[in-house]
Amino acid sequence: MLNKFHYTCIDCGKTIESSKVVYLCDTCQKQNSETQPPYGVLKTEYNYSEIRARLSLVCGDTDKGDNIFNKLENTGFIDILPIKSAQSLPNLKVGNTPLYKISSINNTDFEFDLFLKDDSQNPTFSFKDRASAIVSAYAKENNIDTIVAASTGNAGSSLAGICASQKQRAIIFVPANAPKAKLTQIMMYGAQIVPIAGTYDNAFDLSIEATKKYRWYNRNTAFNPLTIEGKKTVSFELFSQLNQTLPDKIFVPVGDGVIISGVYKGFEDLLNLGIINKIPVIVAVQSTGSNNIINNLHNKHFVSTPSKTIADSISVDIPRNFRMAKKYLLDFAGETISVNDVQIIAASKTLSSNTGIFAEPAAATAFAGFLNYYKNNKLKKDSKNVVLLTGSGLKDLNAVQKIIDIPASIKPDISSVEKFLSEKI
Ligand SMILES: *Cc1c(COP(=O)(O)O)cnc(C)c1O
């Protein structure tokens, strides 16, 4: 049987067989340097016309909802995933996260629909599990038992957790100053941690050097093309949860640019299968303290500005999927917005107190982008807008300490309670 998928290089367009592990296009990666986003990231492609023809045959009465999308969904989208069988996936519940409709904030009703896709509900509490699950399943099918990743924290804690569930070995390179909860997760899941006294970008480059030296299998975001394939599954879910309609706008937090490319890729697969006829407007949201994708979108030469932001998960100097994210944003008229740390933390509080969802700063960044559009009347009446909430607030409690004030304790008697409450109200 022919391989069910192949890769194409997003820079030179070359087709690459998927029969063995590949990361970057061997021609384009020759020009890579430490100061530039890598060339040669691969896009995974399927035989869309064959899949469409095959599924159309098994579709009976289309009036009964027996359409191609339903057929794909019934088998967990396996036809458009880079693995042989859904059995290879972890038994933890990855993806299929809730989509909540929110109709007001601060007692003001919206004139549009807002949906929150709560990906903090993944097993390790971040969106990264979508990518780890596919990479881990691929490793399992190919008898690979050790997987390495560099991470700002979430990809590492995700890989560690998913590998624990799959009886695989994980080795995680992280900046030593990653939030404690994320480091703790990595340790608790029993992975080998390699803390680096440096930035995420240092950890990334080192992990690749070690991968080559020790011949490990590497999950680094974008470097391993299957990470994009895992992340695209959110778009299938959104289409399904919105009763097979498209949202008008999707606000996505952006660091390396893999989640946003995954969101685009999911819709692009549906487009290639003739299931949808356009791609929604995606709004890339970055922190002003680390907006190397937005800053360079129209530049001929990429120039990195060192990152400093509270949103550690999107604090990236050299975005590893810059070229693909840029291509998608330009090809499909994506929009961009940067928000600062003060806005991010304020948005985090607004989100939590209005919805009961506590998101980490990177995820609150997407919500801050939405709030900016809302305040500036940039959302059309009756439009459908989605915010991707990519990680749990419990992963970084430090980030929000400065806007909350946990009161000093009081004596355990009712008069103290009374006094305390009267002072507060
Ligand atoms: C990784 C991550 C992002 C950004 O994803 P990229 O693919 O790096 O752009 C956003 N939010 C959270 C919580 C993350 O962990």
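Numbering of residues begins at 1 and proceeds along the displayed sequence. When reading the values below, keep in mind they use all heavy atoms of this one structure, side chains included, and skip hydrogens, waters and symmetry mates. Because the structure is predicted, anything quoted here is derived from the model rather than measured. Just follow the structure's listing: the first ligand is 1, and inside any ligand the first atom is 1.
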| query | Are Asp312 and Thr152 close enough that a side-chain donor and a side-chain acceptor fall under 3.5 Å? | reply | no
| query | Near Val258, which atoms of ligand 1 are under 4.0 Å from a heavy atom of that residue? | reply | 6 (P), 7 (O), 9 (O)
| Applying the side-chain hydrogen bond (donor to acceptor under 3.5 Å, both in side chains) test to Lys384, which of Asp113, Thr245, Asp248 qualifies? | Thr245
| For Gly257 and ligand 1, does the shortest N/O to N/O distance drop below 3.5 Å? | yes
| field | Atom indices of ligand 1, in the order listed, that fall short of 4.0 Å to a heavy atom of Asn154 | value | 13 (C), 14 (C), 15 (O)
| message | Check this for me - ligand 1, Asp256, N or O atoms closer than 3.5 angstrom, yes or no? | response | yes
| field | Aromatic ring pairing Phe5/Tyr7, orientation class (parallel under 30°, perpendicular over 60°, tilted between) | value | perpendicular
| request: Taking only heavy atoms of Lys231 into account, list the atoms of ligand 1 that are under 4.0 Å away from them. | output: 7 (O)
| Does Pro98 offer a backbone N or O that forms a donor-acceptor pair with the side chain of Gln241 under 3.5 Å? | no
| message | For atom 14 (C) of ligand 1, what's the nearest protein heavy-atom neighbour? Residue, atom name and distance, please. | response | Lys128 NZ, 2.8 Å
| Do any nitrogen or oxygen atoms of Gly255 lie less than 3.5 angstrom from nitrogen or oxygen atoms of ligand 1? | yes
| message | Between Asn292 (side chain only) and Ser304 (backbone N and O only), is there a donor and an acceptor less than 3.5 Å apart? | response | no
| field | Side-chain (Asp129) to main-chain (Thr124) donor-acceptor, under 3.5 angstrom | value | yes
| said: With no hydrogens and no angle check, just 3.5 Å: does a side-chain donor-acceptor pair link Ser126 and Lys182? | reply: no
| Under 3.5 Å, N or O to N or O, is Thr390 touching ligand 1 that way? | yes
| message | If I apply the N/O under 3.5 Å rule, does Val254 come out as touching ligand 1? | response | no
| query | Looking only at distance, does Ser126 have an N or O less than 3.5 Å from an N or O of ligand 1? | reply | no
| Ile314, portion touching ligand 1 at heavy-atom distance under 4.0 Å | side chain
| How far apart are the closest heavy atoms of Tyr39 and Asn32, and which atoms are they? | N-OD1, 2.7 Å
